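Computed from a predicted structure; not experimentally measured. What you see below is based on every heavy atom in this structure, not just the backbone, and it leaves out hydrogens, waters and symmetry mates.
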Amino acid sequence: MMLKGYRGDILSLFHDPAQAPGAICHDADGLLVVEQGRIVARGAFCDVSPRFPGLEIEALPGLIVPGFIDAHVHYPQLDRIASHGEQLLDWLERHIFPAEQAFADAAHAGAVAEAFLDELMRHGTTSALVFGTVHAASVDAFFAAAEARGLRMACGKVLMDLGPEGLRDTPESGVAQTEALIRAWHGRGRLTYAVTPRFALTSSDAQLASAGRLLADHPGVLLHTHLAENTREIAEVAARFVQAADYLDVYDRFGLVTGRSVFAHGVHLPDRSCARLADAGGGVAVCPSSNLFLGSGMFDFAQAERHGLRIGLGSDIGAGTSLSLLHNAGVAYQAGLFKGYRLDPFRALWLATGGSARLLHIDAHVGMLAEGQEADFVLLDDKATPLLARRTAGATLAERLFAMQVLGDDRCIRRTYVLGQCAWDRDGVKHGT
Ligand code: GUN
Ligand code: ZN
């Protein structure tokens, strides 16, 4: 038996605190017992430790939280972060499509996938729902790299038969490649496949319909796309799909609005869309730093809450400005306040962990540090900078968390653990295998 105990200040959320008072689970002197990558016990040290006599225990200095779960990110855009000057549609043309063309080269895809996963570990992100490019090999490269590191990840080949020259598939090739990728990767170890039409404007009706058939034929996979991000995009969608009630309805007409559907952004949603999506059981990956960077707008947290809409938190790199979900939580607070909504720091932590896990249908496995879950967790340092140390001295738990969301980023990630193994140590300490 390979049992190991981690003693420290442990914090997680078992439910959305906006819906369930008492959702916060905090063990100020806690013990997490891990066996073969799984949490077999978690609770107050004084309660749990007597059950495991002789247990090897490591004291972890800092705040232990679940590994962050990025509900929407593009690994091929890693090197296009901070590309200047445009809103969504022009930004795609000028900066993103040229960068994605390079992923025709599998070696390039493999190298970027490794760099991207290194960055996720440095930022405390242990799971993500990830866009590849139109090239099937980009997804092979990503899944192979994720599998080698034992990570729980979801990814998909982008369907875009109306994309620019050099980044186009066809409805037939899109289906054939997606089916081959599902066979190769879906449900293998910790990997999930996501059917990934880029957005309504880059797929023909025939391709959107084929995406709906793929979902119906493969009930375990996710649907991952963009929705109602930018006003010009929305106007172009309305002009093309004149029969549709609104943007979500375009996807609905092709069978893409399901309980396993994850839509990035949803910045400009009519109440009808919110109600319909909540009813279907799908949800929105909220990407606040991306929405500010591209001048898209601010997500309406109050509207989503009124409709009981599932939401998670996404970085949306390369439109987002940081892979850090701590940083994105801080931006979410500011974007929320702009519309009169006060995002509670514990709810922000929920969105970055259990909320995203629920959205990605991986909440049985990760996101809460509950007994039986996989031991993906992060050790946070709330004194990572001199200013953070001043601000958090003598502060409450809520204040410490909020300070890290507003002032912190990857500097606050002291260690990242995957399946109970240390996958990143900011301070360079060597760990056992
Ligand atoms: N809509 C369609 N493609 C993209 C993309 O790559 N990034 C963002 N932010 N929105 C999109
Ligand atoms: Zn995106």
Pairing donors with acceptors under 3.5 angstrom, does anything connect the side chains of [X] and [Y]?
X: His95; Y: His84; answer: no
X: His26; Y: Asp9; answer: yes
X: His74; Y: His72; answer: yes
X: His123; Y: Thr125; answer: no
X: Asp410; Y: Ser324; answer: no
X: Glu305; Y: Gln19; answer: no
X: Gln177; Y: Asp169; answer: no

[X] vs [Y] side-chain heavy atoms within contact, under 4.5 Å:
X: Pro66; Y: Phe377; answer: no
X: Phe254; Y: Asp205; answer: yes
X: Val40; Y: Glu371; answer: no
X: Leu129; Y: Val73; answer: no
X: His265; Y: Leu88; answer: no
X: His307; Y: Leu277; answer: no
X: Tyr247; Y: Ser273; answer: no
X: Phe68; Y: Asp70; answer: no

Over 60° means perpendicular and under 30° means parallel, so tell me whether Tyr193 and Phe143 are parallel, tilted or perpendicular. tilted
Measure the acute angle between the ring planes of Phe402 and Tyr333, then classify it against the limits of 30° and 60° as parallel, tilted or perpendicular.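 Phe402 and Tyr333: perpendicular rings.
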Under 3.5 Å, side chain of [X] to main-chain N/O of [Y], donor-acceptor pair present?
X: Asp376; Y: Gly67; answer: no
X: Ser356; Y: Leu351; answer: yes
X: Arg253; Y: Gln243; answer: yes
X: Ser127; Y: Arg152; answer: yes
X: Gln101; Y: Glu165; answer: yes
X: Thr178; Y: Val175; answer: no
X: Ser261; Y: Gly282; answer: no
X: Arg414; Y: Asp427; answer: no
X: Lys157; Y: Val134; answer: yes

Does the distance from a Lys or Arg side-chain N to an Asp or Glu carboxylate O, for [X] and [Y], drop under 4.0 Å?
X: Lys383; Y: Asp381; answer: no
X: Asp118; Y: Arg149; answer: yes
X: Arg183; Y: Glu179; answer: no
X: Glu119; Y: Arg122; answer: yes
X: Asp246; Y: Arg276; answer: no
X: Arg7; Y: Asp27; answer: no

Shortest non-hydrogen contact from [X] to [Y]?
X: Ile311; Y: Arg347; answer: CD1-NH2, 4.1 Å
X: Gly124; Y: Thr416; answer: CA-OG1, 3.5 Å
X: Arg240; Y: Ser203; answer: NH2-O, 2.8 Å
X: Arg42; Y: Leu32; answer: CG-CD1, 3.5 Å
X: Ile69; Y: Thr353; answer: CD1-O, 3.5 Å
X: Val267; Y: Ser296; answer: CG1-O, 3.9 Å

Is the centre of the Phe103 ring less than 6.0 Å from the centre of the Tyr75 ring?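 Yes, close enough.
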Out of curiosity, [X] [atom1] to [Y] [atom2], how far, rounded to the nearest 0.5 Å?
X: His226; Y: Leu92; atom1: NE2; atom2: CG; result: 8.0 Å
X: Leu248; Y: Phe263; atom1: CG; atom2: CZ; result: 5.5 Å
X: Tyr6; Y: Ile39; atom1: OH; atom2: CD1; result: 11.0 Å
X: Gln405; Y: Leu326; atom1: CD; atom2: CG; result: 6.5 Å
X: His15; Y: Met368; atom1: NE2; atom2: CE; result: 8.0 Å
X: Leu162; Y: Leu167; atom1: CG; atom2: CG; result: 12.5 Å

Check the pair Leu419, Arg190 against side chain to side chain contact (heavy atoms under 4.5 Å, CB included), reporting the backbone distance first and the verdict last. CA-CA 11 Å; Leu419 294 175; Arg190 304 182 83 196; 3.5 Å; yes
Residues, nucleotides or ligands: over 12 heavy atoms within 6.0 Å of Arg80 CZ: no
Step by step, work out the side chain to side chain contact (heavy atoms under 4.5 Å, CB included) result for Arg232 and Gln87. CA-CA 9 Å; Arg232 204 181 117 205; Gln87 287 210 358; over 6 Å; no
After noting the C-alpha distance and the side-chain angles of Leu117 and Met121, does the key distance pass the side chain to side chain contact (heavy atoms under 4.5 Å, CB included) rule? CA-CA 6 Å; Leu117 293 175; Met121 296 301 98; 5.6 Å; no
Would Asp382 and Leu63 count as a side chain to side chain contact (heavy atoms under 4.5 Å, CB included) here? Give the steps. CA-CA 8 Å; Asp382 66 4; Leu63 186 64; over 6 Å; no
